[in-house]
Amino acid sequence: MQKLIGQLLDVDYMMVNNKPLLRIFCKQKDGKTICLLYNKYLPYFYLVSPEENYEDIKKNILKVYPNLKFEILEKFLPIGYNKKVKALKIIGNDPSKIPEIRGLAEKFGTCYEADILFKYRFMADMQLRGMEWIEADGKPAKTNTVNCDCFEINSIKKIDIQENAPLKYLSLDIECITDATDRMPDPSKDPIIIISLCFYPEYKNKKQIILISKRSGIKNENIIENDSEEKMLEEFINIIKDYDPDIIIGYNINNFDMPYLIQRMETLNIPRMLGRANKAAFLKKLQQGYSTSIIGRVIVDPYEIIRRDPWLKFKRYDLNTVAKEMLNDTKIDIGGIREIKHLWENDINKLLEYAGKDAELALKLIIQKGLLDKFFELSKISGLLLQDIFGGQSQRHEFNILSEFVKENILMPCKPTLKRKSLSEDELKGAIVFEPEIGLHNNGNILVLDFTSLYPSLIRTYNICPTTLLLTDENVPFYESPIGVKFVKETVKEGVLPRILKKLMESRKAVRQQMKNTTDPELLRILDAKQLALKDMANSLYGYTGYSRSRLFVMSIANSITAYGRENIKFSKELVEKNFPVKVIYGDTDSIFVKTNITDLEASNELGNKISEFVSESLPGVLELKFEKIFKSFLILSKKRYAGWSFEKDGDKWKEKIVMKGIETVRRDWCELVGKTMKNILKIILKDGDIKKAAKIFRDVAKDLAEGKIPLEDLVVIKSITKSLDSYDGVQPHVELAKKMLERNPALENIVGERIGYVIIKGTALLSKRAEDPKYVKEHGLEIDSNYYIQNQLLPPIERIFEVCGVTTTELLEGSKQKSLIELIKKSSSKSESKNIEFLENFDSVVCRGCGWSHHRPTLNGKCYLCGGQLAFSFNGNISDKIKILEN
DNA sequence: TATTCGCGGGG
DNA sequence: GTGTACGCGAATA
């Protein structure tokens with residue numbers, strides 16, 4: 001017997017002699033992988049029915065499944081306080097037979113925990129967690145089913161070790177060739193020609209190896225030539241086995257490289273032995289996309305991580321853009337994807353360079369940017385295995401809660417079988433958003449105060465949990481939510497959710513404290529990832545209670561949380577306004593914006609702290625209203641859309657910046673000019689408070705546009721051709737341009753998948769037909785349609801900003817020295833809204849004379865899209881006489 | 001205004 | 001494998 005210590009990487013099982021044998025893959029401190037084998041654990045679930053029925057039920061089930069075992073245990077139901085029941089534990093042998101047995105059992109009562117994955121069933125019962133350390137007693141075992149040292153173990157338990165074992169990372173990228181011109185390559189026909197691999201740490205002193213499927217006499221020790229695609233794939237499998245990575249990385253690997261590799265191996269009849277056990281890599285087609293599992297390894301897709309990270313906002317998420325933004329590095333330019341075939345035949349070195357760089361970039365993103373740090377921590381905090389942490393948040397909470405329920409003898413419900421849309425009649429009522437005082441506020445600082453993690457704090461304060469829900473009249477102290485739902489007080493029984501949150505929030509506090517006491521950058525990075533993971537988990541638990549497919553979905557609980565939230569924020573608003581010479585001009589969910597009559601930063605800071613202290617003292621439980629920052633000027637357009645010039649104290653210095661919420665400056669369908677101009681204008685309005693100057697900036701841009709002084713690059717809009725050109729139904733500018741370009745240069749041949757950048761040029765044709773290639777525009781000296789750029793690109797996002805500052809669109813455009821501009825707009829017949837420019841100040845909405853519908857802005861043809869009736873201007877509810885303008 | 005639809009990344 | 005996405009803009013009624 002020996003003591004084994006390792007970090008938990010993966011768990012699976014195999015059937016041996018009709019019993020499951022668990023295989024627990026762990027990483028030792030020195031980086032060596034071991035596999036622990038455990039055969040003393042069987043699958044089971046619970047059935048709840050009146051106790052007197054259990055003997056009959058057993059007999060009935062045994063008739064069909066004679067090998068099952070039973071126990072009757074005392075348990076608590078998950079929903080409702082103190083609901084004791086006798087539950088029938090049904091113990092099976094083969095985990096994969098459980099769904100079938102459940103089907104039968106469901107005839108006799110309600111099943112619990114009948115859809116917990118076997119590996120998680122085991123982990124929850126043993127209180128094990130993904131990426132946490134375990135200690136086991138075992139002796140060496142021999143098996144040919146696993147590719148690392150194995151031990152047969154008798155016991156296993158979690159132990160506390162902070163550090164992480166060193167992991168091995170392999171990044172890969174494949175290249176294919178196809179004859180098809182209008183689709184992606186097809187693994188049943190089109191070969192893989194290159195597999196490029198990048199290692200971290202190095203493999204046999206190499207950072208990189210590139211495999212190719214033919215011999216062309218390249219002399220390079222990092223290139224391995226093969227006689228055929230089959231041989232190349234076999235070599236690939238050998239390298240995986242030999243290097244034995246823990247993490248496999250690739251850009252969009254989940255939805256391209258992995259599914260392609262696996263399907264290709266299937267097509268060519270190559271055993272897909274990529275994992276640490278004798279089990280083929282497993283590919284599953286989902287509704288949309290794929291999921292691949294490889295025993296003992298984790299597949300990591302930087303594309304998915306980056307796209308889902310709210311802090312990483314880019315215009316596009318292709319590897320080139322992301323690498324440029326995050327690494328200041330780029331892909332190798334081979335002049336379009338259809339060049340691959342040409343390079344494969346004529347310039348293989350260039351192609352190898354290209355493939356090599358792609359794998360390298362994907363690896364760099366993960367390693368240099370520490371993208372996995374947070375996920376290691378999330379795995380530890382939620383208990384999920386690392387490979388499952390990239391899915392949704394609901395699974396993270398589910399396992400965490402299950403582990404707690406196991407400790408407290410509470411049954412976990414099965415996932416609700418999702419019926420139709422309306423599971424219940426009442427809906428989730430959301431948070432409160434105060435009606436904002438629209439416009440520019442710059443005559444008195446605005447203080448922003450936030451409830452620190454509002455929903456988690458509410459759950460803790462009022463002991464909100466399915467397990468504390470008071471369903472019957474009992475003589476115990478309770479909290480009653482504003483919608484009349486009762487939860488027993490923590491003095492009676494602390495809820496599971498409040499306890500989980502307490503743990504999450506208190507460890508976050510501790511981690512942040514620890515961060516203040518360290519300067520080691522490596523440690524700081526890990527600690528920051530940890531506190532972020534803790535914050536994520538705490539903040540998303542509320543969402544889980546209101547998620548209709550949650551195992552613990554109770555609408556009245558989710559509604560109680562938001563109701564408490566509304567109550568507390570309203571209470572705070574009134575308290576602040578009653579006790580201080582201020583006015584709350586806006587608030588959303590967990591924040592209030594307090595307008596003061598002072599402009600001094602230090603004085604504002606003092607007042608902010610005073611308000612925070614005063615309100616927090618009056619708030620119940622762990623609720624706290626924190627003073628967050630000061631806005632020297634604040635521009636609010638509508639609910640959830642504002643910009644401000646913020647000041648935050650950092651030590652004894654003030655840090656200032658422009659913050660924006662709900663106001664976008666980057667959008668796929670906008671050219672660069674739009675964002676640039678917007679930022680510029682907002683800066684001037686907020687910092688200088690000079691609206692006239694801002695308006696002048698706008699007019700200058702308009703003027704420069706008309707005079708052709710704006711660089712073409714700032715006017716380009718880029719869109720992709722996603723399918724063959726004739727399969728597009730409507731007319732879209734980039735599609736029309738692609739057609740044109742093809743006509744001019746038939747050698748382009750395949751344009752599908754290409755990104756087309758276009759500008760709109762002057763002319764009388766339909767807008768879409770006037771899309772043109774910027775290069776062509778330069779070469780032929782064509783004139784861009786400045787009117788289009790003003791009306792369709794600049795004006796829509798910017799006019800609202802000026803409008804709330806009291807500048808009408810008329811004024812905005814009139815001051816322009818380019819008098820003809822207005823004329824131009826008036827005459828332009830394609831856009832009726834342009835014709836209204838002159839009269840904008842005379843109406844506040846556009847109403848249909850037929851159905852009375854109030855439109856936000858005039859429609860293109862001047863007719864109501866609901867009933868086809870004529871539109872008319874309306875001011876203060878009165879329909880204007882100037883209908884003629886529309887009809888002209 | 002509500003609701004559905006389709007797409008992203010990759011070769 | 002006792003399972004499986006999501007969020008958003010555009011189009012449509």
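Just so we're on the same page: letters track the sequence lines, and every chain starts at 1.
- Crowding of K639(A) atom NZ: a count of heavy atoms from other residues, nucleotides or ligands under 6.0 Å exceeding 12.
- Partners of E175(A) by side-chain hydrogen bond (donor to acceptor under 3.5 Å, both in side chains), not counting sequence neighbours: none found.
- Applying the side-chain hydrogen bond (donor to acceptor under 3.5 Å, both in side chains) rule to K40(A) yields the partners N154(A); only residues at least two apart in sequence or on another chain are considered.
- Applying the salt bridge (charged side-chain N to carboxylate O under 4.0 Å, His left out) criterion to D10(A), with sequence neighbours excluded, gives no partner residue.
- Spacing between atom CG of N254(A) and atom P of dG10(B) amounts to 14 Å, rounded to whole angstrom units.
- Mapped onto DNA chain C by nearest heavy atom, G289(A) and S293(A) fall at different nucleotides, with S293(A) at the one closer to the 5' end.
- Between R549(A) and dC6(C), a side-chain N or O to OP1/OP2 separation shorter than 4.0 Å is absent.
- When the ring-ring contact (aromatic ring centres under 6.0 Å, His included) test is applied to F314(A), the partners found at least two apart in sequence or on another chain are Y317(A).
- The side chain of Y251(A) lies closest to dG9(B), out of dT2(C), dG9(B), dT4(C).
- A search for salt bridge (charged side-chain N to carboxylate O under 4.0 Å, His left out) contacts involving E106(A) returns R102(A), not counting sequence neighbours.
- Separating the C1' atom of dG9(B) from that of dC6(C) is a span of 14 Å, rounded to the nearest Å.
- Residues passing the salt bridge (charged side-chain N to carboxylate O under 4.0 Å, His left out) test with D333(A): none are found, sequence neighbours excluded.
- In this structure, G392(A) reaches the sugar-phosphate backbone alone: every heavy-atom distance under 4.0 Å involves primed, P, OP1 or OP2 atoms, never a base.
- Closest to the N252(A) side chain, of the nucleotides dG11(B), dG9(B), dT4(C), is dG9(B).
- Using a 4.0 Å heavy-atom cutoff across all strands shown, E100(A) reaches no nucleic acid atom at all.
- Look at CG on D388(A): it is 13 Å from P on dA5(C), rounded to the nearest Å.
- Among the heavy atoms of the strands lying under 4.0 Å from D358(A) are primed sugar atoms or P, OP1, OP2 only; no base atom is included.
- Counting non-hydrogen atoms under 4.0 angstrom, R102(A) reaches nothing in the nucleic acid.
- Following rounding to the nearest Å, Y44(A) (OH) and dT2(C) (C1') show an atom-to-atom distance of 12 Å.
- Rounded to whole Å, the separation between the C1' atoms of dA5(C) and dC7(B) comes to 13 Å.
- Counting non-hydrogen atoms under 4.0 angstrom, I340(A) reaches the backbone sugars and phosphates but no base.
- Annotation: proximity of residues 275-284 of chain A to DNA chain B (heavy atom, distance under 4.0 Å) is found for no residue.
- Taking atom CG of residue L104(A) and atom C1' of nucleotide dT2(C), one finds them 16 Å apart after rounding to whole Å.
- Straight-line distance from the CD1 atom of I253(A) to the P atom of dG10(B): 13 Å, rounded to whole Å.
- Among the protein residues, D173(A) comes within range of the sugar-phosphate backbone only, with heavy atoms under 4.0 Å from sugar or phosphate atoms but none that close to a base.
- Within 4.0 Å (heavy atoms only), I174(A) reaches sugar-phosphate atoms of the nucleic acid but no base atom.
- For R183(A) and dG9(B), the CZ to P distance is 21 Å, given to the nearest whole Å.
- Taking K75(A) as the reference, Y46(A), N409(A) meet the side-chain hydrogen bond (donor to acceptor under 3.5 Å, both in side chains) condition, with sequence neighbours excluded.
- In this structure, Y290(A) reaches neither bases nor backbone, as no heavy-atom distance under 4.0 Å exists between it and the strands shown.
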remark   = Pairing string of DNA chain C (Watson-Crick or G-U wobble, both atom distances under 3.5 Å; | = paired to other strand) is .....||||||||
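- Residues passing the salt bridge (charged side-chain N to carboxylate O under 4.0 Å, His left out) test with R316(A) are D318(A), sequence neighbours excluded.
- Residue contacts shown for P43(A) include a base, since a base heavy atom lies under 4.0 Å away.
- Residues that satisfy the ring-ring contact (aromatic ring centres under 6.0 Å, His included) test with Y112(A), not counting sequence neighbours, are absent from this structure.
- In this pair, F122(A) and Y41(A) present their aromatic rings perpendicular. The plane angle is above 60°, beyond the 30 to 60° band.
- In N18(A), the CG atom is not crowded: 12 or fewer heavy atoms of neighbouring residues, nucleotides or ligands sit closer than 6.0 Å.
- If you check residues 300-324 of chain A against DNA chain B, the residues with a heavy atom closer than 4.0 Å are Y303(A), R307(A), R316(A), Y317(A), D318(A), L319(A), listed by number.
- Using the six-membered ring where Trp is involved, Y260(A) and F256(A) have ring planes that are tilted, between 30° and 60° apart.
- Put simply, CE on M412(A) is 17 Å from P on dT2(C), counting in whole angstrom units.
- Residue I195(A) contributes atom CD1, which lies 15 Å from atom C1' of dG10(B) at whole-angstrom precision.
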